[in-house]
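What follows is one structure encoded as structure tokens, with my remarks underneath.
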Amino acid sequence: MNIETIIQKATIEAVKTLYGAEVNENQVQVQNTRKEVSGDITIVVFPFLRLSRKSPELTAEDLGTYLADKVDLVDSFSVIKGFLNLEISKDYWLDVLTESYNDKNFGYKQTTDESKLVMIEYSSPNTNKPLHLGHIRNNLLGYSISEIVKANGNKVVKTNIVNDRGIHICKSMYAWQQWGNGETPETSGMKGDHLVGKYYVEFDKHFKAEIVELVESGLSKEEAENQAPSIIAARELLRKWEAKDAETVELWKTMNTWVYAGFDVTYKTLGVDFDKIYYESDTYLIGKDEVLRGLKEGTFYQKEDNSVWADLSGDGLDQKILLRSDGTSVYMTQDIGTAKMRFNDYPIDKMVYVVGNEQNYHFQVLANLLDKLGYSWGKDLFHFSYGMVELPSGKMKSREGTVVDADDLVEGMIKVAREMSAELGKLELQSEKEAEETFRMIALGALKYFILKVDPRKNMMFNPEESIDFNGNTGPFIQYTYARIQSVLRKATDRNITIDASREVKNLEVKEKELLKRISLFPAAIQEAGENYSPAIIANYCYELVKEFNQFYHDHHILGEQDADKMNFRLVLAESVGKVIQRAMSLLGIEMPERM
RNA sequence: GGCCCCAUAGUUCAACGGAUAGAAUAGCAGUUUCCUAAACUGUAGAUAUGGGUUCGAUUCCCGUUGGGGCUACCA
């Protein structure tokens with residue numbers, strides 16, 4: 001049991017004994033004592049004034065006396081206004097050190113037979129264009145959340161629903177047919193997803209030109225958008241695809257294969273993976289069946305043009321189309337089918353969708369529709385809604401080419417890492433091959449940390465011009481600290497110093513205790529991150545620990561220490577910090593270089 | 001028009017309703033005989049606006065202003 005919980009329970013007891021009143025856990029605010037103030041754990045006593053009918057100071061005095069007396073771990077206390085600051089005994093902090101040093105799973109909860117099965121959907125790309133910065137945030141969040149949910153003792157199935165069919169693919173297909181001259185990834189030397197994306201842009205170019213022409217000839221913009229020859233051709237391809245026209249399906253397969261090969265490279269670079277991949281081409285028919293069932297049962301209704309709709313106005317939502325007038329299915333139809341298929345495949349306790357907040361409405365509607373179709377789990381779907389990545393120039397639009405390409409971005413950052421290392425004269429530390437691997441780790445560490453350290457729910461600003469910092473509150477800063485710890489440990493080994501974690505410790509210095517306090521918070525950070533679905537909490541935790549360590553490291557020359565016991569203790573401490581950093585960062589999918 | 005989200009130093013981000021609103025960057029001023037200076041230390045700088053709720057509000061509620069999203073027979 002961690003110290004906060006112990007203090008909280010003891011305080012509830014204290015209030016009961018002293019004032020004869022019951023208080024619940026929410027009323028007992030236990031927090032870490034501010035650094036400027038002496039003490040380790042602070043209790044806010046304002047909520048108890050009503051019960052004690054005394055001043056804040058006297059109330060705190062009462063509680064402090066009681067706790068110091070009854071709780072072994074509380075050595076002493078001090079009172080500042082309505083804040084009761086408790087001094088926790090040395091033994092507690094040393095126990096934390098022993099645990100973090102010896103327990104490989106320090107901070108993680110193990111899965112058991114009772115563990116919940118959480119399915120987490122993320123990435124979910126369209127197969128008509130390469131991944132961009134927005135997808136990067138999605139992928140990094142999805143992967144990290146999966147790791148965090150796992151660390152909280154759940155079973156996790158990472159899943160990806162590939163939007164491999166639909167009008168968008170048909171646009172690329174049509175453009176390739178028209179203007180591609182048989183170009184392939186092999187003949188062009190382009191990565192498959194980039195090649196297909198090129199034709200998506202090509203389509204839009206022609207489409208826009210046609211609209212301009214039609215509008216000039218007197219049509220309204222809306223009419224023009226519906227009558228442009230290229231969109232009619234794309235729709236025809238979609239219809240043929242759904243009718244299983246051999247030639248169309250063949251082209252579709254070919255182009256998707258190119259795209260998958262490209263995606264695989266990008267996923268590998270980003271270090272994300274999946275346990276189960278679904279394809280909409282497999283699930284949309286199930287969704288269609290479900291919609292038709294709903295129509296038959298009177299849940300949905302059909303318009304004169306044969307399109308099928310749901311009327312959700314009774315639930316504060318709108319009319320929603322589920323099947324087009326030509327009978328083809330839309331995004332929502334597919335999501336219904338995918339959900340059904342998943343719940344058939346797995347005993348899912350909780351379904352999490354990692355999808356941008358622009359789709360908040362979509363998921364409200366989806367949950368509502370599944371509920372109407374009679375699925376009890378419909379209401380329990382959790383949309384992990386993250387904010388958009390904004391550029392200084394505004395929103396990214398792939399059709400207009402104003403996107404930051406994922407592959408280009410990573411490549412550019414590796415280049416920056418390489419140049420920066422050369423500039424700092426770090427290249428001699430390792431062989432060329434190892435160095436290249438380190439640059440990769442640093443570049444990805446910078447990118448991942450930059451994106452994951454911000455509250456996922458909020459929109460964030462990303463300026464590719466300024467690239468990403470390698471100094472300050474960044475991934476490389478944390479990696480660098482880790483590398484220095486490893487360096488100290490290597491040097492200790494070189495000098496034949498053995499590290500003994502069981503040796504007795506006489507006294508704790510302030511900075512040492514500060515570090516132990518930080519380490520002790522790791523399990524709580526993981527839990528909080530899990531409850532809030534927020535990698536940012538882990539990033540923040542890790543940064544505080546690292547900063548604390550850097551100050552310590554600067555002030556205390558571990559290997560220059562004369563007292564052998566003290567040196568040993570500090571080595572144990574350093575190694576422990578390194579382990580915690582490594583575990584924390586692995587929850588963000590960030591690798592730690594041994595040297596940099 | 002309707003619905004939803006956001007607003008904190010020059011900039012990018014923090015702050016379960018709790019102590020003097022924290023960091024990082026950019027600026028200025030310093031620290032390398034010493035385990036990696038991608039480090040450390042000092043300095044200056046912010047809650048858009050008007051009300052309300054209470055012991056206490058950046059946080060909760062209402063209004064105003066400014067920004068973003070959704071409101072597709074796109075996905």
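Just so it is clear: chains get the letters A, B, ... in the order the sequence lines come, proteins before strands, and each one is counted from 1.
Of the candidate nucleotides rU36(B), rA39(B), rA75(B), rU36(B) has the atom nearest to the side chain of A483(A). The side chain of N550(A) lies closest to rC40(B), out of rC16(B), rC40(B), rG69(B). With distances taken from any side-chain atom of R324(A) to the nucleotides rA75(B), rA19(B), rA38(B), the minimum falls on rA75(B). Candidate nucleotides rG69(B), rA37(B), rA14(B) were compared by shortest atom distance to the side chain of E358(A), and rG69(B) ranks first. Comparing atom distances between the Q29(A) side chain and each of rU36(B), rG18(B), rA38(B) picks out rG18(B) as nearest. If you check rA19(B), rC35(B), rG68(B) against the side chain of F83(A), the one that comes closest is rA19(B).
Between F549(A) and Y553(A), the ring-plane angle classifies as tilted under the 30° and 60° cut-offs. Y533(A) and F384(A) have tilted rings, their planes meeting at an angle from 30° to 60° on a 0 to 90° scale. Taking the six-membered ring where the residue is Trp, F462(A) and F450(A) present perpendicular rings, their angle passing 60° and hence far from 30°.
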H383(A) vs N357(A), side chain to side chain donor-acceptor pair (under 3.5 Å): CA-CA, chis, key distance, verdict: CA-CA 9 Å; H383(A) 175 203; N357(A) 64 12; over 6 Å; no

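Look at OH on Y361(A): it is 12 Å from C1' on rC4(B), rounded to the nearest Å. Atom pair I232(A):CD1 and rC74(B):P shows a separation of 13 Å (rounding to whole Å applied). Across the protein-nucleic acid pair, M461(A) atom CE and rG10(B) atom P stand 16 Å apart, rounded to whole Å. To the nearest angstrom, P of rU12(B) lies 19 Å from CG of L452(A). If you take CD of E466(A) and P of rG10(B), they are 16 Å apart, rounded to a whole angstrom. In this entry the distance linking CG of L391(A) with P of rG68(B) reads 14 Å, nearest Å. The OH-P distance, from Y200(A) to rA75(B), rounds to 10 Å in whole Å. Distance, L51(A) CG to rC55(B) C1': 14 Å, rounded to whole Å.
Across all strands shown, S421(A) has heavy atoms under 4.0 Å from base atoms, whether or not it also approaches the sugar-phosphate. Residue contacts for A536(A): at a heavy-atom cut-off of 4.0 Å it reaches no nucleic acid atom on any strand shown. At the heavy-atom level, N85(A) lies under 4.0 Å from base atoms of the strands shown. Using a 4.0 Å heavy-atom criterion, one finds that S124(A) contacts no nucleic acid atom at all. Across all strands shown, I442(A) has heavy atoms under 4.0 Å from base atoms, whether or not it also approaches the sugar-phosphate. Using a 4.0 Å heavy-atom cutoff across all strands shown, I321(A) reaches at least one base atom of the nucleic acid. Across all strands shown, N226(A) has no heavy atoms under 4.0 Å from either base or sugar-phosphate atoms.
Rounded to whole Å, the P atom of rU25(B) lies 7 Å from the corresponding atom of rA39(B). Taking the C1' atom of each, rG30(B) and rC16(B) are spaced 39 Å apart, rounded to whole Å. With C1' as the reference atom, rU71(B) and rA14(B) are 34 Å apart, rounded to whole Å. rG18(B) and rC40(B) are spaced 29 Å apart, taking the P atom of each and rounding to whole Å. For rG1(B) and rC60(B), the C1' atoms lie 29 Å apart once the distance is rounded to whole Å. Here, rA7(B) and rU11(B) have their P atoms 15 Å apart, quoted to the whole Å. rA21(B) and rU12(B) have their P atoms separated by 23 Å, given to the nearest Å. Between rU64(B) and rG27(B), the distance separating the two P atoms is 42 Å to the nearest Å.
Per the stacking criterion (ring centres < 5.5 Å, plane angle < 30°), F46(A) stacks onto the base of rG18(B). Aromatic stacking of Y480(A) on rA39(B): not satisfied for centres closer than 5.5 Å together with planes under 30 degrees.
The glycosidic torsion of rU32(B) lies within 90° of 0, which places this base in the syn conformation.
Under a 3.5 Å cut-off, the side chain of E512(A) and the backbone N or O of E509(A) do form a donor-acceptor pair. Looking only at distances, no side-chain donor or acceptor of N550(A) sits under 3.5 Å from a matching main-chain atom of T481(A). In this structure, the side chain of E594(A) does not engage the main chain of Q486(A) through any donor-acceptor pair within 3.5 Å. Remark: the backbone N or O of V330(A) is paired with a side-chain donor or acceptor of T333(A) at under 3.5 angstrom. A distance-only check finds no donor-acceptor pair linking the side chain of E61(A) to the backbone of V79(A) [under 3.5 Å].
Checking rG50(B) for Watson-Crick or G-U wobble geometry (two distances, each under 3.5 Å) identifies rC62(B) as its partner. The nucleotide rC70(B) finds its pairing partner in rG2(B), both defining distances of the Watson-Crick or G-U wobble pair being shorter than 3.5 Å. Base pairing of rA24(B): its partner is rU11(B), meeting the Watson-Crick or G-U wobble criterion (both donor-acceptor distances under 3.5 Å).
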Where protein sits on nucleotides 20-34 of chain B, one letter per nucleotide: B base, S sugar-phosphate only, - none, heavy atoms under 4.0 Å: S--SSS--------B

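Nearer the 5' end of RNA chain B, as judged by each residue's closest nucleotide, is the contact made by P47(A), out of P47(A) and S325(A). With RNA chain B read from its 5' end, the first of the two nearest nucleotides for Q359(A) and P456(A) is the one closest to P456(A).
Between S487(A) and the phosphate of rU36(B), there is a side-chain N or O to OP1/OP2 separation shorter than 4.0 Å.
Under the 4.5 Å side-chain criterion, counting only non-hydrogen atoms from C-beta, K458(A) is in contact with D455(A).
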